[in-house]
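All chains are named by letter (A, B, ...) in the order of the sequence lines, taking the proteins before the strands, and each is independently numbered beginning at 1.
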Amino acid sequence: MESRYDPATVEPAIAARWSEAGAFSVSPEDPGDPFVIAVPPPNITGSLHMGHALNLSIQDALIRHQRMRGRKALWICGTDHAGIATQNVVERKLRDEGLTRFDLGREAFIERVWDWRAESGGTILEQFRRLGCSLDYAHERFTMDDGYARAVTRVFVALHDKGVLYRANRMINWCTRCATAISDLEVEHHDVEDVLYEIDYALADGSGVLTVATVRPVTLLGDSGVAVNPEDARFSGLVGGEAIVPLADRRVPIVPDDHVEIGFGTGALKITPAHDPNDFEIGRRHGLEEITVIGFDGRMTEAAGHRYAGLGSDEAHELVLADLRERGLVRAERPLHHSVGHCSRCGTRVEPLVSLQWFCDMEGLAAPATAAVRDGRVRFHPKGQERIYFEWMDAIRPWCVSRQLWWGHQLPVWYCACGETIVQESPPAACPTCGSAELRRDEDVLDTWFSSALWPFATLGWPDETARLQAFYPGNVLVTARDIINLWVARMVMSGIEFAGGIPFTDVVINSTIQAPDGRRMSKSLGTGIDPLELIAEHGADATRYGLLKMGSSQDVRFSAGAIEEGRGLCTKLWNAARLILTTTDPVAGAPVVGEPIDAWMLGRLDSATREITDAIDRFDLATAVKALYRFAWNDVCDWYLEAAKLRLYGDDLAAKLAVSQTLRHVLDRTLRLAHPFLPHLSEAIWSELGQPELLVAAGWPASGETPIDAEAERSVTAAIELVVALRRIRAENDLKTRAELTVGAPAGLLGASVELVRGLGHAAVLDGLDDGGVPVLVGDVPVTISGAGLAEALRPRLEKHLAGALAELERAERMLADERFVSRAPAALVEGERAKAEGFRREAAEARAQLDELP
RNA sequence: GGGCGGUUAGCUCAGCUGGUUAGAGCACCUGCUUUACACGCAGGGGGUCCGGGGUUCGAGUCCCUGACCGCCCACCA
């Protein structure tokens with residue numbers, strides 16, 4: 001065993017061993033109950049970031065724990081084709097070659113994407129592997145695989161046949177940069193500072209002007225009406241009349257509509273049905289014309305008029321404003337702070353446009369999915385996160401599923417010149433209506449999330465009734481970030497119920513959002529990102545996992561380098577502890593031996609640590625689990641047990657040495673098992689040094705209750721430990737040499753066999769019974785005596801401090817007890833407890849005073 | 001505009017249904033080349049629990065309110 005633990009060499013070696021053993025692969029025939037988690041498939045364009053690293057650390061801990069418990073634990077592995085993101089990456093590469101995707105054409109372009117994927121698409125999974133993730137890599141799936149594509153097509157056609165998926169001309173969110181429609185959930189709202197302009201529209205009858213308020217004057221070129229609130233007395237005479245849109249010189253009706261807020265702006269709203277979602281609704285209510293003046297390329301159309309056609313909308317904005325000013329029509333300008341939609345992919349301001357797209361009505365799918373959460377068949381952790389789900393589901397709107405991209409699942413839709421639309425899984429040979437073979441396939445592809453929604457079952461072979469599907473669906477747990485609860489989780493629940501016969505998982509664990517150390521969002525563009533790969537390179541994957549799990553306790557946490565370092569420290573500590581055990585004991589098999597009380601104490605601590613860690617994992621509280629492991633390994637095992645064991649390891653009694661060796665090896669064995677879900681490489685590496693024939697991955701999880709609790713041993717060891725701590729403090733505070741000769745007199749029978757512990761670790765002689773010549777000292781609530789050269793005088797400050805403390809506490813307790821309201825209203829047991837405490841403090845104070853009096 | 005979470009030691013965080021003297025890791029101070037580990041050992045100092053009200057015998061914990069930070073949802077130009 002190397003004397004230094006070097007994760008950079010150990011971890012890859014261990015990973016290779018797992019890989020060779022095929023340790024993570026699961027098949028339906030394997031024994032045990034299934035336990036299934038489907039990994040959130042990373043984008044093939046992605047690189048491991050902090051969010052992944054935490055998300056994966058949690059899942060791997062859960063999977064490894066269940067695997068050790070004997071479950072048939074499957075962690076479904078794969079990647080997402082990530083339509084827009086991937087297309088963007090490949091287009092950027094093309095641009096470097098001076099090409100656009102149109103130069104290549106659709107087929108050649110898609111081929112280029114596949115080539116790119118073959119080259120770099122596997123990087124992210126390699127990074128997952130480096131973190132130690134025990135995914136079933138052998139059954140990796142990709143959302144664009146043939147089989148997966150078949151599932152997508154099947155679902156599309158089924159929803160169409162059901163009548164909920166259809167084509168319609170509606171207002172959608174258009175990203176002019178990505179040149180595609182995006183769904184509402186892909187729009188991020190950011191607050192921006194705009195200017196609210198008040199613009200005069202002449203009344204058609206020449207009787208004056210009507211002033212409207214808008215932040216986008218450029219859209220007035222597409223105005224087809226002006227709306228006022230029907231209750232607004234200022235405009236009651238104008239409703240039914242007409243106004244003239246400036247610059248466009250168009251006569252448009254003045255219509256009454258409740259949507260217009262009387263108090264906002266001027267109370268008159270210009271209506272541009274083709275470029276604003278509200279105006280669209282109002283326009284349809286009043287039959288107003290939809291005039292598209294901004295095209296899909298973000299430029300002004302012919303309909304905007306010769307002067308503006310062809311200009312980018314920003315340029316046109318300036319020109320329109322200048323033209324209005326020249327005519328003296330801009331009455332006022334004031335700053336307006338409001339929120340505006342941006343493309344979540346590229347950050348471009350979203351352009352609301354009317355467009356012919358495919359939509360899916362969601363109410364029917366959402367209802368049973370909402371019910372599943374409401375009645376507890378699907379639970380969110382931590383509790384309360386399901387609010388996000390309900391809020392969206394209860395007000396769900398149609399989903400625009402078509403995208404004007406090339407990379408993705410092309411719609412299984414064909415059009416015939418005769419007007420027929422054919423929706424079916426395989427390409428039709430001829431039009432069923434007119435018989436024509438001249439069919440044109442819809443060019444659009446599906447929203448990436450449409451295919452992601454099928455992940456839990458499409459990865460298992462659905463729509464075929466495969467053995468894997470039967471064995472591993474439904475799954476158990478889903479671990480993900482809060483921001484895709486609606487985008488992904490909700491849609492999986494919906495599609496699982498609709499197509500796979502039931503909910504896809506029972507527990508949804510929402511992992512924390514890790515912020516930059518300064519509290520800002522971690523992002524590349526802000527420069528606040530911290531690369532987990534660098535952490536792994538510096539401290540190792542296990543340390544990184546430990547740190548992330550420890551951090552991930554509440555909803556949002558700031559990244560803490562200290563947590564990772566703590567993990568690193570724990571790894572080193574365990575490595576060195578193992579080195580001590582392995583180099584000082586012979587390989588001995590068999591159950592632990594209780595030779596001294598500390599052995600029983602150790603087994604008791606092991607038992608409670610086992611319970612604590614197991615319970616925490618079962619509650620999905622990995623932060624608590626990892627902290628319990630740390631405390632147990634460092635304090636119980638290393639600080640106390642190993643130090644105590646050395647007394648026998650380095651002693652002359654061979655039988656005692658053998659016995660303690662056996663217990664040490666047992667404790668190490670169990671500690672490694674408990675550590676494995678969190679520190680898989682380190683624990684496996686040490687495990688192999690133990691000479692175990694099987695991998696730790698497949699070893700059993702410790703059960704609590706393995707050994708009976710020995711209350712008497714635990715009591716005497718606890719007393720001995722307190723005594724040792726007291727001796728150390730006395731030495732440290734009084735600058736006494738570490739080995740200064742002290743003699744402790746303990747109440748008869750208190751220490752029992754633990755007397756050796758006090759001798760060995762406290763470096764003191766021990767008397768069974770109080771020593772008349774010693775200084776009385778209270779250890780916990782046990783009175784002992786300590787004697788040694790010069791000790792009495794040295795203890796004076798300590799005794800004085802103790803006396804003051806006892807008096808203060810006594811006063812506090814007496815004040816409480818003197819309060820009639822406390823005595824009469826607090827629970828009797830509490831009052832009694834306080835009385836007992838007061839009595840204790842009184843005795844302590846008296847004793848301390850007596851001791852002081854006795855000092856020379 | 002609604003809603004959620006947070007604000008506890010210099011830093012990052014624990015503190016269950018209100019009940020002793022509010023904890024941990026890191027950092028800091030003191031002393032240790034003790035034969036697993038200086039990525040260590042032993043000891044120590046350090047907190048008006050964001051502000052203001054309230055409920056209660058008793059509040060870090062419950063209620064109201066304000067401030068700040070982060071996030072989610074949202075078609076008021």
Among B:C4, B:A77, B:U12, the one nearest A:Ser560 by side-chain distance: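 That would be B:U12.
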Side chain of A:Phe264 (C-beta onward), nearest among B:C39, B:A77, B:G43: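 Of all the options, the side chain of A:Phe264 is nearest to B:A77.
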Strand RNA chain B in bracket notation, Watson-Crick/G-U under 3.5 Å with | for pairs to another chain: (((((((..((((.....[...)))).(((((.......))))).....(((((..]....))))))))))))....
N or O in side chain of [X] less than 4.0 angstrom from [N] OP1/OP2:
{"X": "A:Arg387", "N": "B:G3", "value": "no"}
{"X": "A:His338", "N": "B:A77", "value": "yes"}
{"X": "A:Trp634", "N": "B:C41", "value": "yes"}
{"X": "A:Lys573", "N": "B:G25", "value": "no"}
{"X": "A:Lys646", "N": "B:A36", "value": "yes"}
{"X": "A:Arg731", "N": "B:G43", "value": "no"}

If you measure from the Lys or Arg side-chain nitrogens to the Asp or Glu carboxylate oxygens, is any gap between [X] and [Y] under 4.0 Å?
{"X": "A:Asp6", "Y": "A:Arg4", "result": "no"}
{"X": "A:Glu290", "Y": "A:Arg284", "result": "yes"}
{"X": "A:Arg349", "Y": "A:Asp194", "result": "yes"}
{"X": "A:Glu351", "Y": "A:Arg216", "result": "yes"}
{"X": "A:Arg482", "Y": "A:Asp556", "result": "yes"}

Donor-acceptor contact present, side-chain A:His681 to main-chain A:Val10, <3.5 Å: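 Checking the backbone N and O of A:Val10 against the side chain of A:His681, no donor-acceptor pair under 3.5 Å is found.
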A:Arg234 (side chain) donor-acceptor with A:Ile262 (main chain) under 3.5 angstrom: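 Present.
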A:Glu565 (side chain) and B:A27 (base): donor-acceptor pair under 3.5 Å: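 Absent.
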Summary of protein contacts for nucleotides 14-20 of chain B, nucleotide by nucleotide, where a base hit scores B, a sugar-phosphate-only hit scores S (4.0 Å, heavy atoms): S----BB
Approximate separation, where rounding is to 0.5 Å, of A:Trp575 CH2 and A:Glu2 CD: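 It comes to 7.0 Å.
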Spacing of A:Gln515 atom CD and A:Met50 atom CE [to the nearest 0.5 Å]: 12.5 Å
